[in-house]
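Letters A, B, ... are given to chains in the order of the sequence lines, protein chains preceding strands, and every chain is numbered from 1.
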Number of protein chains: 2
Amino acid sequence: MTEDLMTIREMCETYDVTPRTLRFYEAKELLFPIREGQKRLFTKSDRARLKLILRGKRFGFSLEEIRQLLDLYHVGDQQMTQISRTYEIACERLEDMEARREELTQAIDDLKEQLRWGEKVIASVKQDKKAAE
Amino acid sequence: MTEDLMTIREMCETYDVTPRTLRFYEAKELLFPIREGQKRLFTKSDRARLKLILRGKRFGFSLEEIRQLLDLYHVGDQQMTQISRTYEIACERLEDMEARREELTQAIDDLKEQLRWGEKVIASVKQDKKAAE
DNA sequence: CATGTAGATGACGTTCACGTAATGTGAACG
DNA sequence: CGTTCACATTACGTGAACGTCATCTACATG
């Protein structure tokens, strides 16, 4: 068993973050490690949340936005008042993300076209070189 | 014709940014408006670059990363030395972006599943209410 | 017991991406 | 001709997201 609990150092090595970062996320109420005396112990839930935090960051979400998203993913953690309101917000978020993917797809296509153009240029440069020899 | 040149104010309204932002981007060498006396005039190229800047930001790229990407998109603007090197970098970037899209797709699927779960909860809550009446 | 070693707690520093005055300037308008 | 715009520059301010440093505990180890 992984003991289901990890020290701050283990977390840092596993997810490649600094202790400062984990304490910062706790202060911002993104993580809720339990305390054994002074020390923090990170649960499975904390690890799931951290993965989502890091993922969110890669897509340019602010920590505050991520905190709200986390609340959506972990409704079960709290009382389920206003679930349907939460549900609506989640639907909107989903639309955001699908729009983002659309845009990203567009960007990828653009870049691919640019690359095809680049290939042609490279080819013609090689051609010129050959002709010049 | 749109005259192909836009004032800073027109740019701001078109792309919903502040003058400060455009000047900042110029200082960071992301944009290169031409000068008529003191005033900046933004070209078609500047507008294309700005669109890419705003898009990049939405995906969590830093301005410095975006600057490098812009250099890839606008090879034609400069001399074409080291085109093949540029081509390689662009290929790597493309892989980055496709990986990002994969991740985003995964996130979307996760959220969708969460939503289906939420629907079930809502349905059962409604059921409980009905039973309690 | 001295000495690490791992972690905790402030508190201040830093970088990025702009915001926000304060001040200046050239063209246009009444 | 004074004033109002629209734009410019210079410089300092700001919030987010940590980094860094000093200091303090608790525990293990030779």
Side-chain angles (χ1 to χ4, degrees), chain A residues 2-44 46-47 49-71 93 96 100, chain B residues 2-43 46-47 49-71 96 100:
Chain A
T2 342
E3 271 294 1
D4 203 41
L5 293 178
M6 287 172 64
T7 71
I8 200 168
R9 192 59 51 181
E10 288 167 341
M11 289 290 284
C12 293
E13 279 158 19
T14 306
Y15 300 101
D16 191 34
V17 293
T18 68
R20 177 70 177 107
T21 300
L22 293 176
R23 295 190 194 110
F24 184 74
Y25 289 168
E26 184 187 3
K28 292 280 169 175
E29 297 185 61
L30 291 162
L31 298 178
F32 306 94
I34 57 180
R35 296 302 182 100
E36 192 186 63
Q38 280 280 65
K39 317 215 162 176
R40 291 167 173 83
L41 290 176
F42 295 84
T43 70
K44 197 175 160 70
D46 288 315
R47 292 196 291 280
R49 296 172 76 92
L50 181 55
K51 282 185 211 167
L52 290 172
I53 294 168
L54 298 177
R55 174 146 85 187
K57 291 195 55 179
R58 265 172 255 132
F59 291 107
F61 290 102
S62 73
L63 290 185
E64 176 54 25
E65 287 170 325
I66 291 171
R67 202 182 56 71
Q68 292 174 25
L69 269 172
L70 282 177
D71 291 347
R93 277 300 175 193
D96 283 4
R100 259 163 192 267
Chain B
T2 343
E3 269 294 0
D4 202 42
L5 294 178
M6 288 172 65
T7 72
I8 200 167
R9 193 57 53 180
E10 288 166 340
M11 288 291 283
C12 292
E13 279 158 19
T14 306
Y15 299 101
D16 192 33
V17 292
T18 68
R20 176 70 177 105
T21 299
L22 293 176
R23 295 189 195 112
F24 184 74
Y25 290 167
E26 184 188 3
K28 292 279 167 175
E29 297 185 62
L30 292 161
L31 298 178
F32 307 93
I34 57 180
R35 296 301 184 101
E36 192 185 62
Q38 279 280 64
K39 318 214 162 177
R40 291 167 175 83
L41 290 176
F42 295 83
T43 69
D46 288 315
R47 293 196 291 280
R49 296 172 76 93
L50 180 55
K51 281 186 212 168
L52 290 172
I53 294 168
L54 298 177
R55 174 146 87 188
K57 291 195 56 180
R58 266 172 254 133
F59 292 107
F61 290 102
S62 73
L63 290 186
E64 175 53 26
E65 288 170 326
I66 291 171
R67 201 183 55 72
Q68 292 173 26
L69 269 172
L70 282 176
D71 291 347
D96 282 4
R100 257 163 194 269

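- Here Thr7(A) reaches the OP1 or OP2 of dG7(C): one of its side-chain N or O atoms lies under 4.0 Å away.
- Atom CZ of Arg23(A) and atom P of dG7(C) are 9 Å apart (whole Å).
- Base pairing annotation: dT3(C) forms a Watson-Crick or G-U wobble pair with dA28(D), both donor-acceptor distances under 3.5 Å.
- We find that CD1 of Ile8(B) is positioned 16 Å from C1' of dT25(C), with the value rounded to whole Å.
- For the atom pair CG (Leu69(A)) and CG (Leu63(A)), the distance works out to 11.5 Å, reported to the nearest 0.5 Å.
- The shortest non-hydrogen separation linking Leu5(B) to Glu10(B) is O-OE1, 4.2 Å.
- Computed from coordinates, the Ile53(B) CD1 to dC16(C) C1' distance equals 15 Å when rounded to whole Å.
- Taking 4.0 Å as the cutoff to heavy atoms of chain A, we find the contact window on DNA chain D bounded by dA17(D) to dT20(D).
- Arg9(A) comes within contact range of the sugar-phosphate backbone alone, with a heavy-atom separation under 4.0 Å but no base atom that close.
- Between Met11(A) and the choices Leu50(A), Thr21(A), Val17(A), the side-chain contact (heavy atoms from CB on, under 4.5 Å) rule is met once, by Leu50(A).
- None of Arg40(B), Arg67(B), Arg20(B) except one satisfies the salt bridge (Lys or Arg N to Asp or Glu O under 4.0 Å) rule with Glu26(B); the exception is Arg40(B).
- Within the structure, every side-chain polar atom (N or O) of Arg67(B) is placed at least 4.0 Å from both OP1 and OP2 of dA17(C).
- Of the two residues near DNA chain D, Lys39(A) and Phe24(A), the one whose nearest nucleotide lies more 5' is Phe24(A).
- Remark: the backbone N or O of Leu30(B) is paired with a side-chain donor or acceptor of Arg49(B) at under 3.5 angstrom.
- Using a 4.0 Å heavy-atom criterion, one finds that Arg40(A) contacts the sugar-phosphate atoms exclusively.
- Between Gln38(B) and Lys57(B), the residue whose closest nucleotide on DNA chain C is further toward the 5' end is Lys57(B).
- Distances shorter than 4.0 Å separate none of the side-chain N or O atoms of Tyr25(B) from OP1 or OP2 on dA17(C).
- The 12-atom threshold is exceeded at CD of Glu64(B), counting heavy atoms of other residues, nucleotides or ligands nearer than 6.0 Å.
- A salt bridge links Asp96(A) and Arg93(A); the closest N-O separation between the charged side-chain nitrogens and carboxylate oxygens is under 4.0 Å.
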